[in-house]
Amino acid sequence: MIHLTPIFLLTPAAAAAAALFLVVGAMLFQTGCCKKLWRRMEDWFHVYQFLKVPELNQNTHQNRLYRKVSLYLHSLPSMEDSNFANLVTGKKQNDIVLSLAPNQTIQDHFLGATLYWFNQPTDPNPTGTGNFILKIRKVDKRRILRPYLQHIHAVADEIEQQGKRELRLLMNSADEFGRWRSVPFTHPSTFDTIAMEPDLKNKVKSDLESFLRAKQYYHRLGRVWKRSFLLYGPSGTGKSSFVAAMANFLSYDVFDIDLNKIASDSDLKLLLLHTTPKSIVVIEDLDRFLAEKTARISASGILNFMDGLLTSCCAEERVMVFTMNTKEHVDPNFLRPGRVDVHIHFPLCDFSAFKTLANSYLGVKDHKLFPQVQEIFQNGASLSPAEIGELMIANRNSPSRAIKSVITALQTDGDGRGWGLIGRQAEDDEMDEPNGVVCGESLHTVKDLRRLYSFFRFRVTRKSSSSNASLPASPLR
Ligand SMILES: Nc1ncnc2c1ncn2[C@@H]1O[C@H](COP(=O)(O)OP(=O)(O)OP(=O)(O)O)[C@@H](O)[C@H]1O
Ligand SMILES: [Mg+2]
């Protein structure tokens, strides 16, 4: 008889040692150093190809694929497994998002293949440019590269359409001409929070919606798919807040151009070239800049910029917004149709805007003091929404006191506008809710208000805007 001795027969001690070895091995594999070692070994046995997706292409234009890859990678569940990821705040409040740190790799799986993405910084500056490197086996490349890239496009587009895209606010830097610095755009302003004539608001919204759908239409006409808006009106009437509301409505990034940081026409051109589609390009206070007549940027430089001539070659889907306190002294050439498509006037507060503000700031739809407020408005008194908003915020614990402080400010429209009276008025009034802090807060707010909205300029602007009121109003055309 033949006895077969099993070769796997181990003594209990050897079995325990082997189990321990396996467990420790598995644990070590989970740590980064073993994974790296494993990847090196894989590299020996497989022939890989490396594909680079740079942030900027040869003409230093933004590479749109880079942004898509970035959106795609940040949506991958494997982001959580990466050895080192950055935790950053997201678009919504309390949102925390993982973002791939420089020099880190994450894995992705597609149609049975494993792919690796490496985030390679090319600039030591954290806000500088970078590359994504895709590592793919040569055998897989032939089979899956094309559908994989299509998949990335589709996922990124879906993320953008669902509004999950993180909006960015980009500002030009005075040190590096033609370069943008980016921060997350989290301004909470929406069309709902802007006090504005409802018809006008709806017209702007439908104008923007039809612009979004009009790609084919613009192309058929041989025009760049862009739309330009002029927002004009006195300080504190909501122009900047409106730009933020537009960005949130369209889900567009905001490129905010500070002309004072630009040295020449060519820098301005370069900045425009470095903007990306799906963005609002804003120049604030253009009237003031044109009045200064600086030698750094010529009128034709600004006109070319407004026409967006350069954008037609490579990118579109932009909205341009220019803000002004008044367009009275601006050369009409800057505002001709085609150059500026839509003019929107931002007036000082009227009774209807006051009611919108009272609703959003104080939660009050109606109040026994409203008829008095209405009468004062009818007599021609007015303040900017910013001023009224500040008075309401400062007295938010007592709607009655807030409305009385607005009444006082409207009645003393002009000198002092009742600022000094706010505290005194509050003492005289019956308090809706006892809160002793409000007077101090009011005074503090008023000081801030004076500084922020250059109090004395208001008076001048108001005079000029009341003379404007007789002009035929064509807020949206
Ligand atoms: N129409 C409005 N509806 C709601 N809030 C407004 C409105 N106008 C101004 N505000 C409030 O007042 C503040 C200042 O407004 P904003 O900065 O948008 O004014 P602006 O017109 O851009 O002023 P400036 O010409 O000085 O830049 C913001 O906090 C905003 O919330
Ligand atoms: Mg502004």
Side-chain angles (χ1 to χ4, degrees), residues 169 171 185-205 229-249 254-260 280-291 320-330 343-364 377 382-396 402 406 409 417 444-462 464-465 468 475-476:
L169 169 64
M171 292 157 287
F185 176 78
T186 53
H187 201 297
S189 178
T190 63
F191 283 135
D192 292 334
T193 62
I194 300 274
M196 183 183 224
E197 215 250 298
D199 264 3
L200 175 58
K201 201 191 282 186
N202 288 336
K203 272 187 194 162
V204 178
K205 273 161 96 177
F229 291 79
L230 170 70
L231 315 185
Y232 68 101
S235 201
T237 49
K239 299 179 295 294
S240 303
S241 313
F242 196 80
V243 177
M246 286 169 99
N248 285 325
F249 182 76
V254 177
F255 286 84
D256 185 8
I257 298 192
D258 183 347
L259 290 175
N260 295 312
I280 300 186
V281 184
V282 192
I283 295 187
E284 293 250 38
D285 300 322
L286 183 60
D287 54 338
R288 230 179 289 165
F289 184 81
L290 293 173
M320 292 197 155
V321 181
F322 309 100
T323 75
M324 293 183 183
N325 275 15
T326 166
K327 53 179 184 174
E328 257 174 49
H329 309 294
V330 175
H343 293 222
I344 306 176
H345 181 220
F346 284 73
L348 291 172
C349 222
D350 61 5
F351 180 59
S352 147
F354 164 84
K355 281 199 294 186
T356 311
L357 292 174
N359 189 13
S360 38
Y361 284 69
L362 305 171
V364 169
F377 275 118
S382 192
L383 294 170
S384 70
E387 289 170 300
I388 290 182
E390 289 300 324
L391 288 168
M392 288 178 172
I393 288 174
N395 295 290
R396 63 184 173 278
V406 173
R417 286 174 168 179
H444 170 75
T445 310
V446 168
K447 268 187 200 158
D448 280 353
L449 201 59
R450 281 187 177 172
R451 205 182 58 236
L452 281 173
Y453 296 106
S454 53
F455 181 64
F456 290 105
R457 206 182 51 173
F458 276 136
R459 297 174 58 192
V460 178
T461 326
R462 187 159 36 257
S464 67
S465 76
N468 252 346
L476 182 72

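As the structure lists them, so they are numbered: ligands from 1, and atoms in each ligand from 1.
Under the 3.5 Å distance criterion, the side-chain polar atoms of K239 are matched with a main-chain donor or acceptor of G233. With hydrogens and angles disregarded, a donor-acceptor distance shorter than 3.5 Å links the side chain of D350 to the backbone of A353. The main-chain N or O of C349 is found under 3.5 Å from a side-chain atom of S382 such that the two form a donor-acceptor pair.
Between L357 and ligand 1 there is a heavy-atom distance shorter than 4.0 Å. Contact between Y232 and ligand 1 is absent, with no heavy atom of the residue lying under 4.0 Å from the ligand. The shell of residues lying under 4.0 angstrom from ligand 1, judged by heavy atoms, includes G236.
Listed by chain and residue number, nothing satisfies the salt bridge (Lys or Arg N to Asp or Glu O under 4.0 Å) test with D287 (two or more places apart in sequence, or in another chain). S189 is linked by a side-chain hydrogen bond (donor to acceptor under 3.5 Å, both in side chains) to nothing, counting only residues two or more places apart in sequence or in another chain. Listed by chain and residue number, nothing satisfies the side-chain hydrogen bond (donor to acceptor under 3.5 Å, both in side chains) test with T356 (two or more places apart in sequence, or in another chain).
E284 and S240 form a side-chain donor-acceptor contact under 3.5 Å, judged by distance and modelled atom types alone.
Short contacts between ligand 1 and S241, defined as distances under 4.0 Å to a heavy atom of the residue, involve ligand atoms 15 (O), 16 (P), 18 (O), 28 (C), 30 (C), 31 (O). Annotation for ligand 1: atoms under 4.0 Å from non-hydrogen atoms of T193 are 3 (N), 4 (C). Taking a cut-off of under 4.0 Å to the non-hydrogen atoms of N325, the atoms of ligand 1 that pass are 25 (O).
Between the CZ atom in F322 and the CG atom in L230 there is a gap of 8.5 Å [rounded to 0.5 Å].
The shortest N or O to N or O distance between D285 and ligand 1 is not below 3.5 Å.
Between A195, G238, P188, G233, it is A195 that holds the heavy atom closest to atom 3 (N) of ligand 1. Taking all heavy atoms of H187, K239, E284 into account, the minimum distance to atom 25 (O) of ligand 1 is reached by K239.
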- Stepwise, does the side chain to side chain contact (heavy atoms under 4.5 Å, CB included) test hold for V282 with I257? CA-CA 6 Å; V282 192; I257 298 192; over 6 Å; no
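Using cut-offs of 30° and 60° on the angle between ring planes, the pair F242 and F346 is perpendicular.
Excluding waters, the protein N/O/S atoms found under 2.8 Å from the Mg ion (ligand 2) are S240 OG.
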